[in-house]
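Below is one structure, written out as structure tokens; the observations come after it.
Computed from heavy atoms alone, side chains included, the values below leave out hydrogens, waters and symmetry copies. Throughout, protein chains are lettered first and strands after them, A, B, ... in sequence-line order, and every chain is numbered starting at 1.
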Amino acid sequence: MASDAVHLELDLDVFAGPFDLLLSLILREELDLLEVELAEIVLAYLDHLGARGELDLEAATEFLVLIAALLELKSRLMLPGEELEELDELAPGEAAEELLERLLAYARFRGAGADLAARREAEQGVLYRSAPLPPALRRAPLEQAEQAYEPAILGQALGSLLRTPPALDLRHIATPRVSLPERLAVLRGLLRRGTFAFDEAVRGADRMTEAVTLYALLELYKRGEAAWEQDASFGPVTVHARSSAGVTGAVA
Amino acid sequence: MIARELEALLFLAPDPVPVAELADALRVEAEEVVAGLDALAVALAGRGIVLRELAGGWTLGSHPDAEEAARRLLARPRTPSLTPAQAETLSIVAYLQPVSRPEVARIRGVASESAAAALTERGLIEEAGRSQFGAVLYRTTPLFLKLFGLRSVDDLPDAAQWDPSPEDQAALRDRLLRAGEARG
Amino acid sequence: MIARELEALLFLAPDPVPVAELADALRVEAEEVVAGLDALAVALAGRGIVLRELAGGWTLGSHPDAEEAARRLLARPRTPSLTPAQAETLSIVAYLQPVSRPEVARIRGVASESAAAALTERGLIEEAGRSQFGAVLYRTTPLFLKLFGLRSVDDLPDAAQWDPSPEDQAALRDRLLRAGEARG
């Protein structure tokens, strides 16, 4: 097995020497892993690779596995609680065994992952159809249908729709208040005639009421209940009940 | 062989493909595509897939002989759970039918087009003409009754047990509209 | 001829169809379907469409020879390959499913949230409830089987083949232990 990675010479804040010495000190708990800046090791290794000018894949892989295991150990150390106790109980030999177990499990899934990635690449050549079903097949024939829903879900849904939220107490507000539902009701009343002039809806009203009525009209438009015409700017606005079929004007 | 590639392309394309597009994709001349389509039509004789020219393009379809089996395999009712929006919309239609689209929106306090479209697509509700103002009216379908195990809409559960204010004597429709406007 | 009807059904079906469902739809025995699928595979030799057994059922796909032209026609570029982090996470989920997020992190030695999120986004893995400690569990999806050419997760190759050789394992153990002892 290549040993390039373990001979990496490190010069860290808390440690100077070869990587494998660092590993053993950590495993024997003579050096606190929490104080080791793992990113520094990675940078040192990258420098080392750069200086060599060639990439020994096997050594690089070994390094990655070791550093990944250290990262994992460190992240566990940073977690308080039972995980920490569990690790504290390990003798250095057991810790080495544990680390070995991890390295082996990791190697297995790294290999399996590479195999999956290659399998996906190989499978990319085959494409599958994603066309909608012909219309004749989209609707199920009635005879095939079996009960799939409980009628109670409808009753529940309806019950929730019957719930009226408690009215807001607005007595402490001094300004006269015009409510949108109120103006909606006025417009809907007028709409029953099929068509009416907007002026009619706001005759004698204050500016606030006019504004809210206009907003109510926009709301009716949005909901598809009403539309209007205005032949000239600032001319009279004629409101009429709207149909999605495009019927315009008065409907008796 | 170009007939083979044409078969693969038409197999994948959801819509009819014009000869020019096939030629572009295959980086060949249109004449080669036309000849290839002829060869493909011959190769498909007696197979389960047929080549058709439709709407300015070429497409593959299943053989009509398999239609009955296809219906048994694929045309099963789709019954995923109803979303809250769908359940509300369906309950309004079920209890108030016929009910107009704007009324549904007023009661729910939000536009309900997508819920209504999903319910229509699954065959649970359908259009039932137009209101006097021309708005679309909805009603439930026979499939709805079957999927809910109901003999008729009169069998719908009495909403009283879920009714927050059962003492209110007004008609269900008026109460729903009032509550909807109070929420809106 | 059953191979013909099978071809038509598989052409229409959006997802792989199990033999039992094909038999039901065609009102024949499963053995006839199996024989028909064999005949269909023979009939498709040298054609633009291939028959695959995937994700617990049978489906048709386009021949790899037409891939380039198909991607041009449909403007469907190749999906980017899995990153190493995604491939490792996917393999852990595929082999150990259902597997919790902390377990994945334990094996990989690093938190794997972003890889898991990317795999979920691509529809290859999905949540499978929660472990007894409340951690999200993951499993692979039918789309994973389809895109990776697998009939089921039992089809995955034995992962033990990627274990380091006994010699390598011994060397690694040696080195770790020696490192622990020698530097006293």
Side-chain angles (χ1 to χ4, degrees), chain B residues 1-30 32-33 36-37 39-52 57-76 78 80, chain C residues 1-30 32-33 36-37 39-52 57-78:
Chain B
M1 197 177 107
I2 196 167
R4 229 179 111 186
E5 288 184 283
L6 283 169
E7 183 179 25
L9 295 186
L10 296 179
F11 166 77
L12 292 170
D15 299 307
V17 192
V19 168
E21 281 184 36
L22 292 168
D24 277 354
L26 292 167
R27 309 231 151 123
V28 298
E29 295 302 314
E32 281 184 70
V33 170
L37 287 167
L40 179 58
V42 171
L44 288 176
R47 299 257 315 266
I49 294 173
V50 292
L51 178 66
R52 284 202 216 94
W58 292 84
T59 190
L60 291 177
S62 60
H63 197 286
D65 284 358
E67 198 179 315
E68 210 190 314
R71 189 160 285 129
R72 281 195 292 269
L73 179 67
L74 300 167
R76 279 167 305 188
R78 292 176 43 228
Chain C
M1 187 163 114
I2 197 169
R4 225 177 110 181
E5 288 184 284
L6 284 170
E7 185 177 25
L9 293 183
L10 296 181
F11 173 81
L12 291 170
D15 297 304
V17 193
V19 167
E21 284 186 29
L22 292 168
D24 277 355
L26 292 167
R27 308 234 152 125
V28 299
E29 295 301 314
E32 282 185 68
V33 170
L37 288 166
L40 179 58
V42 171
L44 288 175
R47 313 225 30 102
I49 295 173
V50 292
L51 178 66
R52 311 284 314 266
W58 291 84
T59 192
L60 296 175
S62 64
H63 195 284
D65 285 356
E67 183 196 351
E68 223 181 297
R71 293 196 185 280
R72 273 197 296 271
L73 178 72
L74 305 171
R76 252 203 262 169
R78 276 196 157 219

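In terms of heavy-atom proximity, C:Ile49 sits nearest to B:Phe11 at CD1-CD1, 3.8 Å. Residues C:Gly48 and B:Ala8 come closest through the heavy atom pair O-CB, 3.4 Å.
Heavy atoms of B:Leu6 lying under 4.5 Å from chain C are absent altogether. Residue C:Leu74 touches chain B through its side chain alone, counting heavy-atom pairs closer than 4.5 Å. Proximity to chain B is absent for every atom of C:Leu10, based on heavy atoms less than 4.5 angstrom apart. Looking at C:Leu44, only its side chain comes within 4.5 Å of chain B, counting heavy atoms on both sides.
In this structure, the separation between CZ on B:Arg47 and CZ on C:Arg4 is 10.5 Å, given to the nearest 0.5 Å. Atoms NE2 and CG, from B:His63 and C:Leu9 in turn, are 13.0 Å apart once rounded to the nearest 0.5 Å.
Looking at residues two or more places apart in sequence or on another chain, you find no side-chain hydrogen bond (donor to acceptor under 3.5 Å, both in side chains) involving B:Glu5.
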With a 3.5 Å cut-off and sequence neighbours excluded, list the donor-acceptor pairs that the side chains of residues 12-27 of chain B form with protein atoms.
none

